[in-house]
Structure formats: C-alpha cells, structure tokens
Amino acid sequence: MNQSLYLFLAFVGGILLAAQGGLNAQLGVQLKNPFLATLVAFSFSALFALVIVFAMVKNVPRTTQLAAIPTYLWFTGALCSVLGICLYYITIPKLGISTMISLGLFGQLLFSALAGHFGWFGLPQEVLDQKRIVGFLAMGMGIYFINKN
C-alpha cells in the first residue's frame with residue numbers, strides 16, 4: 001500500500017474511534033453503567049475480531065513463537081485499552097464528545113511523542129524536535145479555544 005492510503009486509513013480510524021466513543025458512551029448512559037458498556041463493547045469487539053481472524057489470517061503462530069512472547073504483552077495493552085475506553089464512556093456524557101476527544105487525542109499525542117522520542121515499546125525513535133514541540137503547543141492552544149466557553 002502507498003503512503004497516501006495509509007494516511008487516509010489513519011484518518012478513517014480516527015473517525016471510527018470518535019464514533020464508537022460517542023455510541024458506546026450513550027450505551028453506558030442507557031445501561032446506567034459505563035463499565036457494563038465497556039464489557040459489552042469489548043465482548044462484541046472480540047467477536048468481530050474473531051470473525052476477521054478466521055476470514056483473513058492464513059498463518060497461525062507456532063507454539064514456540066507464542067511461548068517467546070513476554071507474559072506482560074498478553075494483558076497490559078488490553079488493560080490500557082479497557083481503562084482508556086472506560087474513561088471515554090464516563091467522560092463523554094459529562095464533557096461532550098468534542099471536549100473528550102480533543103483532550104484524549106492531546107493526551108495520546110503527548111504520550112506518543114515521548115514514547116517515540118525515547119523509542120519505548122521497541123518502536124522506531126522519532127526525535128522530539130522544535131517543530132514537533134511547536135505543533136504540540138499549537139494543538140494545545142487549539143484545544144483551549146475549542147473548549148473555551
């Protein structure tokens with residue numbers, strides 16, 4: 001795939017994440033429990049992922065490959081996901097979707113900039129240079145103006 005397609009897919013992914021946040025936050029309101037909404041969302045997500053895996057995965061990892069994966073990788077990403085998503089479902093009905101998504105995105109970008117700068121998680125290093133810092137400051141100002149009453 002070419003770079004333009006990846007950029008477009010990332011943009012669509014952001015739209016889908018914002019939509020799921022709004023939809024599942026409303027599910028939490030209807031259920032009167034954001035934790036229950038999180039459980040429902042992740043249960044259906046697991047079902048949809050299972051269908052996609054059966055339809056698309058051709059090579060299943062071998063037992064030796066599975067055994068070589070560090071234990072913490074089996075659950076820590078899922079824990080971060082559940083906690084982060086649950087916080088979305090708690091805060092969207094209280095703050096509004098644009099406020100929550102803008103603040104959530106800002107948190108994601110700041111953390112990802114640090115993770116990229118230091119090469120955390122075994123990912124490629126991306127230097128946190130002046131241009132990126134100015135971008136974060138501009139985004140912070142934009143979020144301020146978006147949320148200013």
Side-chain angles (χ1 to χ4, degrees), residues 1-61 66 69-70 72-128 131-149:
M1 284 195 242
N2 67 29
Q3 189 71 8
S4 296
L5 182 57
Y6 285 125
L7 294 171
F8 175 73
L9 292 175
F11 178 75
V12 171
I15 291 169
L16 293 173
L17 288 175
Q20 74 82 28
L23 292 166
N24 288 329
Q26 281 305 301
L27 178 62
V29 169
Q30 295 292 317
L31 293 171
K32 296 179 180 21
N33 190 318
F35 300 106
L36 188 54
T38 302
L39 177 63
V40 170
F42 275 91
S43 296
F44 277 101
S45 294
L47 176 65
F48 296 141
L50 187 63
V51 169
I52 292 169
V53 165
F54 280 127
M56 300 189 76
V57 173
K58 305 293 184 231
N59 299 321
V60 177
L66 296 175
I69 297 172
Y72 72 92
L73 287 180
W74 289 102
F75 64 88
T76 52
L79 178 61
C80 289
S81 183
V82 165
L83 293 174
I85 293 297
C86 196
L87 290 173
Y88 269 40
Y89 301 164
I90 291 169
T91 57
I92 286 173
K94 306 293 184 203
L95 299 175
I97 193 164
S98 65
T99 300
M100 174 51 225
I101 295 297
S102 64
L103 291 171
L105 179 60
F106 193 60
Q108 288 178 32
L109 285 172
L110 284 176
F111 181 82
S112 65
L114 288 172
H117 180 75
F118 293 108
W120 295 343
F121 313 117
L123 297 173
Q125 282 190 275
E126 301 170 300
V127 177
L128 186 57
K131 181 173 63 174
R132 287 181 184 234
I133 292 170
V134 168
F136 286 115
L137 292 173
M139 185 177 181
M141 288 173 47
I143 289 170
Y144 170 77
F145 288 121
I146 287 170
N147 296 302
K148 184 179 180 207
N149 292 330

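Only this structure's heavy atoms are used, side chains among them; waters, hydrogens and symmetry mates stay out. We number each residue from 1, following the sequence as shown.
- Between the CD1 atom in I133 and the NZ atom in K131 there is a gap of 12.0 Å [rounded to 0.5 Å].
- The shortest side-chain heavy-atom distance between C80 and T76 does not fall under the 4.5 Å cut-off.
- Separation of atoms NZ (K148) and CZ (F145) is listed at 6.5 Å; rounding is to 0.5 Å.
- Ring orientation note: the planes of W120 and F111 are tilted relative to one another, at an angle of 30° to 60°.
- At least one side-chain heavy atom of L16 sits less than 4.5 Å from a side-chain heavy atom of V12.
- A pairwise comparison of heavy atoms in P61 and L66 identifies CB-CD2, 3.9 Å as the closest pair.
- Counting heavy atoms from C-beta on, the side chains of N2 and F8 never come closer than 4.5 Å.
- Taking both residues in full, the closest heavy atoms of G140 and F106 are given as N-CE1, 3.7 Å, listed atom of the first, atom of the second, then distance.
- The CG atom of L105 sits 9.5 Å away from atom CG of L110, with the distance rounded to the nearest 0.5 Å.
- Between I101 and A18, the shortest heavy-atom contact is CD1-CA, 4.0 Å.
- Residue pairs satisfying the side chain to side chain donor-acceptor pair (under 3.5 Å) criterion with at least one member in residues 109-119, sequence neighbours excluded, are absent.
- Expressed to the nearest 0.5 Å, how far CG of L103 lies from CG of L87 amounts to 12.5 Å.
- Scanning both residues, I92 and G22, for their nearest heavy atoms gives CD1-N, 4.0 Å.
- Note that CH2 of W74 and CD1 of I69 are 4.0 Å apart. Values are rounded to the nearest 0.5 Å.
- Sorted by first and then second residue, the pairs that involve residues 89-101 and meet side chain to side chain donor-acceptor pair (under 3.5 Å), not counting sequence neighbours, are Q20-Y89, N24-Y89, T99-N147.
- A donor-acceptor pair is defined here as one N or O able to donate and one able to accept, closer than 3.5 Å; no such pair exists between the side chain of S81 and the backbone of G77.
- Interatomic distance, CG of L31 versus CD of Q26, reported as 11.0 Å (0.5 Å rounding).
- The shortest distance between side-chain heavy atoms of L17 and Y88 does not fall below 4.5 Å.
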